[in-house]
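Below: the structure, in structure tokens.
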Amino acid sequence: MAEHSKIEWTDATWNPVRGCTKISPGCAHCYAERFAERFRGVVGHPFEFGFDLQLVPHKLEEPLRWRSPKRIFVNSMSDLFHEDVPDDYIAEIADVMGRADWHTYQVLTKRSSRMRDLLKTRLRFAAAKPHIWWGVSAEDKRYGLPRISHLRTAPAAVRFLSIEPLLEDLGVIDLTGIHWVIVGGESGFGARPMLRQWVVSIRRQCRQNGIPFFFKQWGGFPKSKAGRVLDGRTYDEMPSRNDCDRLVQIAVGD
Ligand code: SF4
């Protein structure tokens, strides 16, 4: 969709699927829905059908045309593992990620059990590639912690968490097998608050486990007002390509 992105932890977004449906409290103020619905009924616009789920096959090969290496957020305007996206289509997307391997892909879902199941079967060929990172969103204990468990049992070489919008203290998180953690507060009108101690607890657990910690934003409205400084500094940590190659060797060795 966009060769450049304003999202702090990625370079570009790629949307071979558009639209989604809400699944948990983290979806309440979904930015993608808000954006897409503005264009419902605008004939010829990519979001002519608002946030209704649409496959967009003409976008499938887009990463192959981007020659310089990028971090690419896959389906920033949807959820790749939504129940209405066929297995075959997801496999086609994974095939493109495999072929355009000069990029790094960040696949993020709230449909974590389907992702886990497909990584064990149809997507097995893509699960252990160092340039494809598989992640889940975790906004609270009830919905988020089970997703982390699903991710942990998926045969992915590189696993990450997007803890955004962080809606409550997550307590002690089992970070075994997790390689990157992003934390952020909700932004936009009506944003729910995020307390500092919830963030600090996650940062401490990342430090204890040697996991890169990325603090995206405090959130609020406008989000630029609160910024993204935590205790006097920004946190932009993420795994390096070398780290990921090593993780794959470990996974293969397993
Ligand atoms: S899963 Fe993501 S894209 Fe889908 S409604 Fe929820 S927040 Fe929006």
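Ligands are counted one by one from 1 in listed order, and the atoms in each one are counted from 1 as well.
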For R18, which part has a heavy atom under 4.0 Å from ligand 1: side chain, backbone, both, or neither?
neither
Which one holds for S78 and ligand 1: side chain close, backbone close, both close, or neither close, with close meaning a heavy atom under 4.0 Å?
backbone
Does R18 make a cation-pi contact with F47 (under 6.0 Å, within 45 degrees of the axis)?
yes
If you measure from each heavy atom of K110 to ligand 1, is any distance below 4.0 Å?
yes
Between V56 and V17, is the side chain to side chain contact (heavy atoms under 4.5 Å, CB included) condition met? List the steps.
CA-CA 5 Å; V56 195; V17 182; 5.8 Å; no
Quick one: does N75 get a heavy atom under 4.0 Å from ligand 1?
no
L247 vs H179, test: side chain to side chain contact (heavy atoms under 4.5 Å, CB included). Steps then yes/no.
CA-CA 9 Å; L247 290 168; H179 308 110; 3.4 Å; yes
What do you reckon, does H82 put a non-hydrogen atom under 4.0 Å from ligand 1?
no
Kindly work out whether a path of hydrophobic side-chain contacts (I/L/V/M/F/W/Y, heavy atoms less than 4.5 Å apart) joins M97 to V136.
yes
Establish, for the pair R196 and W218, whether the NZ or CZ atom is under 6.0 angstrom from the six-membered ring centre and no further than 45 degrees off its axis.
no
For atom 8 (Fe) of ligand 1, what is the nearest protein heavy atom, given as residue, atom name and distance?
C30 SG, 2.3 Å
With hydrophobic residues grouped by side-chain heavy-atom distances under 4.5 Å, do I178 and L170 end up in a single group?
yes
Cationic tip of R71 above F73 ring, under 6.0 Å, 45° of axis
no
Is atom 8 (Fe) of ligand 1 less than 2.8 Å from an N/O/S atom of C27, whether that atom is in the backbone or a side chain?
no
Ranked by distance from atom 5 (S) of ligand 1, the top protein heavy atom is T21 O, 3.7 Å
If you compare M77, R111, K22, H29 by their heavy atoms, the one closest to atom 1 (S) of ligand 1 turns out to be R111
For atom 4 (Fe) of ligand 1, grab the closest protein heavy atom and report residue, atom and distance to one decimal in Å.
C20 SG, 2.3 Å
